[in-house]
Each structure stands twice: as C-alpha cells, then as structure tokens.
Amino acid sequence: MFNQLKILHFLLCYLIAFNSLFATENSTSVKLLQIDSLITQHDSTKVDDQKRMLVLYEKALDENHSDSVNIFKKVALLNAELNHPGEAFTFTEKYINNALDFSVLGDSSYQNIIDSEEYKILKNKYQPKINILAFIYFYIALIGFYFAIVINFTRKARTTSNLAISLFIAVHSLFILEFVLYYSNLQYELPHTYFMAAGTALMYGPLLYLYFKSVTQNYKLKTLDILHFYPTVLVLLFLLPIYTLPASEKIKIMLDFNTDYKFYGYTVFALKLSSLIIYGVLISRMLYLKQNEKQEKNNSLITRWKKSIYFIHVTYIISYLIYGISISGILGFFPSFIYHVQVIAICIMVLYVAYMAYVQPDVFSNKYNTIKAGLLFQKYENSGLTESLSEELKASLIKLFVEDKIYRENNLSLEMLSEKLNTTRHNTSQIINEHFNMNFFELINKFRIEEVTEILKKDIYGSLHIIDIAYEVGYNNKVTFNKAFKKETSLTPSQFIQAQKNKPLVN
C-alpha cells in the first residue's frame, strides 16, 4: 500500500509540472528551483526517474527557460549518467560555451562515458593536458630564460652583443611559454596570457641584426638604434584593445566565439614575417659579404657560431611562413604537426645558445677568437708546434711587427711572414691565433691603424693627407683602409680627425 501511494504521489507531481509548462505564457517561465524540487521528491538514481527528469528539463528548454544555461549543464550530466555520450557532448558544449565553466568535465556523472570518443574530445579540447611534449617545451623555455640572464654575466662579456642575443633568446622563450599554455589548455585558466608574445613579434629581427653587427663590426649601440624598436611600440599600441579585454572575452576569442579580433592575429603575422625577412636579408649581406673579405678566411669557432645561428633563424622564418599558410587555409588543411615545426625551430635556437653558453662561454666574451677547437673541431689538433718553439716564434713575430714594421709592406702575406719566421704557414697562423687572439689580417690591420692614429694625433695642423698616410702604412686603396679604420676605431678617418680637433689643448 505504501509503494502504491508513493507511485501515485510521483505521478501527481509529474502531471502538475507537465501541465504548468503549457498552462499560460507566464507560467512557462517556471523556475529551475521548482523543477529541482520535483526531482528531489523521488530516488534520482533510478534510470526511469532520470529519464523523466530529462523530459522536464528538455521541456523547459523548449519553452526558453530563463535559466537555460544551468539546464544545459543538468541535461548534459543526466545524459552522461544515462550513457548517452552524443547528447552529453552536445549539451556540455552548450553549457561551456555559455558559462565558460570548464570544471564541469570533472563531475562524477561523466564516469559512465569516460571511455567514449565524445568525452575524450571534450577532455582534449577543454581540460588541462600535461603530456611529455608540453613538459619538454616548458623546460626549454625555462632554460632559455635562465641563459638569457647568465650570458650577460659571462667573464669579460661584450655588453652590446650579449644584451642583444640575451633579449633575442628571451623573446623566443616567451613565445615557447605561450605555446605551452595554449597547447596544454592552461591558457583557459590564465586567459590574460593570451597574445602575450605577440607584443614582441617585431623584436626578433632587430635584436639578431644588432647582435651580428656587434660581433662582426665591433659595433656599439647608439641612440639611433632605438628606431629599430619603434615598430614594436606601435604593435603594442595596436594590440592594446586585446590586452585590455576582460578574461571572459579573451576566452571567447580562444574558443572562436568572438571572431572580431581575428584581424589582429593576421596583421601581427604579416608584420612579423615581413620583419623577419627584411632583417634576414640585412644579416645575410653583413655575414656573407664579410666572409668574402680576407679577414674572415680563418675557420674560427665564432664564424661557425654566427653561421649556425643564422641558419637556425632562416629555418624558423621558413617554418613560420608554412605555419601562416596552414592556418590561412589557402592551400587546404595541413597536418597538426605543422604547428609544432616553428616551435621546434625556436627550441633548437634556445638549446644551441644555451649549450654554447654552458660549454663554450668564451663565445660571448671578448676572447671569442681564442677559442680552441676542442668543442666542434680541432684546428691545431695534430700540430707539432712545441711550447718553447711557440714562444720563440712569438718573440720573432713581435720583433718583425714592432721594430721592423713589416706590416708596412703592402704585399705582405701569410706565406711571406712565414718565410721571415723560417717556419710553416700553419705554424704562423697558429701563433697569431693563440697568442694574439686574432687572425693574420686582423693583426696587420691592428698595427697599421694604430700607426695611422698616432700620426693623425701628432698632425695637429692637419697638413697631412689621409690617403698618403694610408699608403705609408701599407694599404693599397682608400676603400680597404676606410673599412679597416672604422672597424678598429668605430669612427671614419674624418670623424677621428674632427674628434682630435675638438679635444682641448693640453699644455
């Protein structure tokens, strides 16, 4: 008798609720609390009861219930409990899209469909996923940030070039970090990290360009160099509307619900690619034209280091272009691994710089030309030059340059110098590299320019002609002299003379 009364009571409640949904326009807005009160009056663990609850919620949705967002959630959970993965997937997406609540996927109701493809798609799309690849990317980003700091504290560090390369690695590491947050869905938890690396998009090219200019030309930063970074400031101002958005709006952009800001992404991509190509060409001209000069004919590690950095950078430009084509859809859809190619190129760059900073820190110091080849190659591994003979040849070489001023001979070559030292060309090259931290041509230019500067300092009345002085110390033409002079002094001959005139006279 008790069970019959219980069933009758339930049917009565159900009919009342069902009738209330169709009674009048005002009554269709039945509160969700009223529906919940009907549900709690019976055992909700039974399948039949769950189905009846599902009907009530679906009717409420058909009538545009005012609390439809929460109904989406309840319908999704009920379908999950009833092992309806398709319907659970649909209503879970509806709830997440409206409430931006990703924690619902952790509800125990999904245990019944945890092995279904639909739930796996939801989990992969919305829940944090920390896999081995994401961990590797994150670890490399930390390495990059660490060595971006350490490089600047290298013994006898070159301030200008080290600052440029450290910032270059830092912006790469920032990009990797943002990709990790995106790839692992953690960006939904930290929405204000969205587009955080986009503000540095135009810094890659200028930083690498200034680094190469510093290590190839002994260049020191000037006030005008700040012009290279004005485009970055403009990009930051351009992205201000995105950076100032509330967290919920940024999540909507990530979920593609708000497409009004896609223009910003395409614009930054186009500007970044243009900047990378322009500076890539400038660096190429600087690097390879310099290599054609006699001064760069030695196989020093610094030369290989620069070429390796440039090669990795070019690889990144190509991968970034492929990435842009893939997301644009111009040539159809590309495999998902394409998105990782540019990140892998950046990771290789960071690891290579970190490796060199750890194993061969002299690359980042003023002693970079003294690097022995024990790391990547051994230039003098099989040399028969003993320590005593090395010191003897060094003393003879100093005498030839300081006392005999052999550098004044305009046809002086490594072979001629070797003959005067009565040794092999290989031994002469080794002596210069090991004892003077430079190659043959750099040594000659150093002595020639030092003599030129001394002559110009004494010529207080400006009675001498620059070209005559150049010929006197061993140069054959004005162009070669001007290049060598500027490399050694960071000034042109005219600028040097003017600087001497501006100095106060000392009695």
Side-chain angles (χ1 to χ4, degrees), residues 135-180 197 200-217 219 221 228-229 272 275-276 279-280 282-284 286-287 290 299-320 340-377:
F135 176 78
I136 290 173
Y137 286 154
F138 178 70
Y139 188 66
I140 292 174
L142 293 183
I143 291 174
F145 286 125
Y146 172 74
F147 279 99
I149 298 172
V150 169
I151 288 171
N152 290 286
F153 294 95
T154 303
R155 184 166 50 94
K156 295 183 179 180
R158 303 190 309 276
T159 306
T160 301
S161 59
N162 284 13
L163 179 61
I165 196 67
S166 63
L167 288 175
F168 180 70
I169 293 304
V171 295
H172 276 72
S173 301
L174 184 65
F175 179 89
I176 297 172
L177 182 59
E178 184 179 1
F179 184 82
V180 169
T200 62
L202 302 189
M203 291 181 67
Y204 295 78
L207 287 171
L208 192 60
Y209 171 76
L210 291 174
Y211 172 74
F212 272 94
K213 196 170 183 180
S214 174
V215 296
T216 57
Q217 300 178 2
Y219 183 78
L221 286 177
H228 290 286
F229 301 99
K272 180 178 178 179
S275 175
L276 289 173
Y279 280 99
L282 293 175
I283 294 169
S284 176
M286 185 192 311
L287 179 63
K290 192 71 179 176
N299 291 320
S300 63
L301 182 56
I302 189 65
T303 301
R304 296 197 178 191
W305 150 257
K306 289 186 290 186
K307 284 186 176 181
S308 298
I309 287 290
Y310 182 69
F311 174 76
I312 299 171
H313 183 65
V314 171
T315 303
Y316 170 64
I317 295 175
I318 296 172
S319 63
Y320 188 66
H340 293 266
V341 174
Q342 61 163 332
V343 184
I344 292 172
I346 290 178
C347 287
I348 292 173
M349 174 75 80
V350 171
L351 290 176
Y352 179 59
V353 174
Y355 172 76
M356 295 299 286
Y358 179 74
V359 177
Q360 194 57 66
D362 281 345
V363 167
F364 305 98
S365 74
N366 287 318
K367 297 173 62 180
Y368 63 83
N369 278 322
T370 67
I371 297 171
K372 305 293 190 297
L375 179 61
L376 299 179
F377 61 93

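Rounding to the nearest 0.5 Å gives a distance of 12.5 Å between OG of Ser275 and OH of Tyr209. With values rounded to the nearest 0.5 angstrom, Leu177 atom CG is found 7.5 Å from Leu142 atom CG. For the atom pair CG of Leu210 and CZ of Phe229, the computed distance is 5.0 Å after rounding to the nearest 0.5 Å. Atom CD1 of Ile151 is separated from atom CG of Leu163 by 10.5 Å, given to the nearest 0.5 angstrom. Taking CD1 from Ile348 and OG from Ser308, the interatomic distance works out to 12.0 Å, rounded to the nearest 0.5 Å. How far CD1 of Ile344 is from CD1 of Ile140: 9.0 Å, rounded to the nearest 0.5 Å.
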Evaluation steps, side-chain contact (heavy atoms from CB on, under 4.5 Å), between Tyr320 and Val341 | CA-CA 8 Å; Tyr320 188 66; Val341 174; over 6 Å; no
Val343/Val180 under side-chain contact (heavy atoms from CB on, under 4.5 Å): CA gap, chis, key distance, verdict | CA-CA 10 Å; Val343 184; Val180 169; over 6 Å; no
Applying side-chain contact (heavy atoms from CB on, under 4.5 Å), run through His313 and Leu276 and close with a yes or a no.
-> CA-CA 9 Å; His313 183 65; Leu276 289 173; 3.6 Å; yes
Passes side-chain contact (heavy atoms from CB on, under 4.5 Å), Phe147 versus Ile169? Steps please.
-> CA-CA 8 Å; Phe147 279 99; Ile169 293 304; 5.7 Å; no
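In this structure, Tyr310 contributes its side chain and Gly280 its backbone to a donor-acceptor pair below 3.5 Å. Under the 3.5 Å distance criterion, the side-chain polar atoms of Ser319 are matched with a main-chain donor or acceptor of Thr315.
Within the 4.5 Å cutoff, the side chain of Ile176 has heavy atoms near those of the Cys347 side chain. Ile309 has its side chain within reach of Val353: a pair of non-hydrogen atoms, C-beta onward, lies under 4.5 Å apart. The shortest distance between side-chain heavy atoms of Gln342 and Phe175 falls below 4.5 Å. Taking 4.5 Å as the limit, every side-chain heavy atom of Val171 sits out of range of all side-chain heavy atoms of Leu167.
Inspection of the Tyr204 and His172 side chains reveals no N or O donor paired with an N or O acceptor under 3.5 Å. For the residue pair Tyr279 / His228, a side-chain donor-acceptor distance below 3.5 Å is found, with atom types taken as modelled.
For an aromatic pair to be called close, the ring centres must be under 6.0 Å apart, and Tyr211 with Phe168 fails this.
For the pair Lys272 and Tyr316, the cation-pi test (distance below 6.0 Å, angle within 45°) is failed.
In terms of heavy-atom proximity, Ile312 sits nearest to Ala345 at CG2-O, 3.7 Å. Contact record, Gly144 with Val350: CA-CG1, 3.4 Å, taken as the closest heavy-atom pair. The minimum heavy-atom distance between Ala170 and Phe145, with the atom names listed, is O-CE2, 3.6 Å. Of all heavy-atom pairs between Gly205 and Ile283, the closest is O-CD1, 4.5 Å.
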